[in-house]
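Here's the structure, in structure tokens; my notes come after.
Side chains are part of it too, since the values below use all heavy atoms of this structure and drop only hydrogens, waters and symmetry mates.
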Amino acid sequence: MTTTVGNDDAEPSAGPIHGTKVGRFTILEPLGTGSTGCVFSAYDPELDRKVALKVLRGDYPVEQRLHLAAASTVGGDETGESSGAADGPVQARQQRLLREARALAKLSHPNVITAYDVGLHGNDVFIAMQHVDGCTLRRWLETRRTAPEVLEVLARAGAGLAAAHRAGLVHRDFKPDNVMIGRDDRVYVLDFGLVRDFTAQDLDPPAVDGTPGPEAVSRLTATGSVIGTPAYMAPEQYLGRPADARSDQFSFCVSLYEALFGQRPFAGATPAEIGRKMLDGEAPTIPSHRDVPARVRRAVARGLERDPERRWPSMDDLLLELAAGRRRWSTAVLAAVAVALVLGSGALLLGRSATDPAADCAAAGDRLRGVWDDRVRAHVRDAFAASPAP
């Protein structure tokens with residue numbers, strides 16, 4: 001299946017039709033839709049390539065379209081989304097859109113979707129992006145995955161997020177729907193529709209005065225003053241405070257927790273309920289899992305701290321800790337494989353039939369099952385791949 005963003009099951013909605021020109025791009029077919037925009041495959045005649053074109057629909061005030069820019073999340077998830085109401089001069093928002101789109105275009109990393117162009121088409125805002133053949137992380141997780149597989153994919157997505165942070169950008173809406181896995185197994189972070197520069201404090205929703213309580217969360221979520229996807233937002237986003245790289249780190253750890261354990265750390269039927277559990281409830285329990293090293297579980301727990309100051313200093317620090325946990329697990333697997341090979345080889349030699357060597361060879365494959373087979377081979381391969389050694 002070919003897609004670029006959002007929910008793979010999304011039905012396309014009304015928008016530009018086949019052959020329509022949007023900027024220099026020619027619309028080919030719809031790929032997905034959401035509450036605020038549509039995504040299309042399109043053709044770029046100047047560079048003779050296929051792109052993904054995201055267009056914010058025309059039934060929103062132009063100020064809000066410019067504020068949401070390159071695209072508010074397409075597809076979303078069952079918890080719903082909320083975005084800040086636009087305010088301020090349209091020209092200022094347009095300049096911010098262009099500035100951040102240019103910053104994204106300059107961000108070159110193998111795990112970040114490439115932005116090619118951004119502009120206005122009539123009253124609509126569009127952004128042209130790299131076209132990816134693959135599926136979202138959420139769809140990928142519908143197939144049973146091992147903990148090492150999950151950690152490998154999320155580590156690549158985290159590397160893309162860390163690259164954006166080093167470029168001075170914060171995503172503000174990281175979640176499984178905004179990670180793509182290509183048919184070539186490459187992992188991409190995408191949908192930077194809510195991205196902002198670390199220095200762009202002026203256009204964030206106002207912070208709540210004092211120490212916000214549950215009523216403040218309910219008020220903010222009811223009035224649409226929250227930016228992001230509620231199930232994955234950091235507590236400070238619920239409170240209307242400026243988001244930074246540590247907010248993305250929190251969202252990353254929510255996504256990693258969900259991918260590893262099959263549930264989210266903070267449950268709730270509404271955004272306000274989720275927010276109250278984040279702010280007033282106990283710290284989430286990190287389930288014990290024999291395939292998830294304790295060091296990885298502790299790393300995730302720290303990334304889910306309510307207080308940003310208690311989280312990891314950066315995504316890079318978090319990724320280093322996760323890699324250390326994975327390496328320790330891989331070393332244990334290699335040691336177990338080595339012991340099993342020695343013991344298995346001895347057993348094969350002792351049990352060898354002197355009268356029927358051919359039968360011994362035929363039975364060797366069965367005797368090696370669990371000692372050296374496809375599953376063990378994959379574990380060894382992953383262990384070597386995770387090693388920082390050249």
Side-chain angles (χ1 to χ4, degrees), residues 5-9 73-82 111 134-161 171-181 187-191 194 228-235 237-238 243 246-271 273-279 281-306 311-312 315 318-319 321-322 325-326:
V5 292
N7 189 333
D8 294 330
D9 299 320
T73 306
V74 172
D77 64 64
E78 64 272 22
T79 61
E81 295 175 4
S82 188
N111 299 120
C135 68
T136 64
L137 174 60
R138 189 175 302 283
R139 172 60 63 85
W140 183 80
L141 288 169
E142 290 176 2
T143 300
R144 186 177 179 83
R145 307 291 178 180
T146 66
E149 287 177 313
V150 168
L151 287 167
E152 174 63 26
V153 167
L154 266 296
R156 295 181 199 171
L161 205 54
H171 190 286
R172 297 202 293 180
D173 198 25
F174 185 90
K175 59 184 178 180
D177 303 279
N178 287 341
V179 175
M180 284 286 295
I181 303 170
V187 179
Y188 303 85
V189 179
L190 66 149
D191 215 346
L194 299 181
T229 301
Y232 301 90
M233 290 191 316
Q237 289 176 275
Y238 268 97
R246 293 168 301 180
S247 308
D248 280 352
Q249 181 189 136
F250 184 95
S251 301
F252 174 87
C253 285
V254 173
S255 301
L256 179 54
Y257 185 109
E258 181 180 10
L260 286 172
F261 305 119
Q263 60 188 19
R264 297 190 185 114
F266 304 98
T270 65
E273 186 178 341
I274 296 170
R276 282 193 292 269
K277 286 193 175 182
M278 282 186 186
L279 295 167
E282 297 179 357
T285 300
I286 307 296
S288 295
H289 195 297
R290 63 184 180 86
D291 291 333
V292 182
R295 191 165 183 173
V296 169
R297 296 198 299 270
R298 289 194 296 269
V300 173
R302 182 173 174 181
L304 291 174
E305 286 282 354
R306 290 188 191 86
R311 297 173 202 155
W312 295 95
M315 272 301 301
L318 169 58
L319 294 174
E321 187 67 11
L322 291 174
R326 290 167 56 211

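Nearest heavy atom pair, residue Leu279 against residue Pro235, reads CD2-CB, 3.6 Å. In terms of heavy atoms, Val292 sits closest to Ala147 at CG2-CB, 4.0 Å. Residues Ala299 and Leu322 share a closest heavy-atom pair of CB-CD2, 3.8 Å. Here the closest heavy-atom approach between residue Ala231 and residue Val254 is recorded as O-CG1, 3.6 Å.
Side chain of Arg311 to main chain of Arg246: a donor-acceptor pair is present (N/O by atom type, distance under 3.5 Å, no hydrogens or angles). Between the side chain of Gln237 and the backbone N or O of Arg172 there is at least one donor-acceptor pair closer than 3.5 Å. Judged by distance alone, the side chain of Asn111 and the main-chain N or O of Tyr188 form no donor-acceptor pair under 3.5 Å. Without hydrogens or angle criteria, Gln249 side chain to Trp312 main chain gives a donor-acceptor distance under 3.5 Å.
For the pair Leu256 and Val150, the minimum side-chain heavy-atom distance is below 4.5 Å. Residues Thr136 and Met180 are in side-chain contact: their nearest non-hydrogen atoms beyond the backbone lie under 4.5 Å apart. The closest side-chain heavy-atom distance from Val179 to Trp140 is not below 4.5 Å. Proximity of His289 to Leu260: side-chain heavy atoms (C-beta onward) are nowhere separated by under 4.5 Å.
Distance CG/Leu154 to CG/Leu141: 7.5 Å, rounded to 0.5 Å. From Thr229, atom OG1 reaches atom NZ of Lys175 across 3.0 Å, with rounding to the nearest 0.5 Å. A distance of 5.0 Å separates CG of Asn178 from NE2 of His171, quoted to the nearest 0.5 Å. Distance OG/Ser251 to CG/Leu304: 9.5 Å, rounded to 0.5 Å. Rounding to the nearest 0.5 Å places CG of Asp177 at 6.5 Å from OH of Tyr232. Atom SG of Cys253 is separated from atom CD1 of Ile286 by 8.5 Å, given to the nearest 0.5 angstrom.
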| task | Go through the steps to decide whether Glu273 and Arg276 satisfy the test salt bridge (charged side-chain N to carboxylate O under 4.0 Å, His left out), and finish with yes or no. | result | CA-CA 5 Å; Glu273 186 178 341; Arg276 282 193 292 269; 5.6 Å; no

| field | Test salt bridge (charged side-chain N to carboxylate O under 4.0 Å, His left out) applied to Arg138 and Glu258, step by step | value | CA-CA 10 Å; Arg138 189 175 302 283; Glu258 181 180 10; 3.4 Å; yes

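Ring pair Phe266/Phe250 is parallel by interplanar angle, where below 30° counts as parallel and above 60° as perpendicular.
The ring pair (Phe, Tyr, Trp, His ring centres under 6.0 Å) test applied to Phe252 returns Phe174, not counting sequence neighbours. Remark: Glu321 engages Arg295 in a side chain to side chain donor-acceptor pair (under 3.5 Å) (not counting sequence neighbours).
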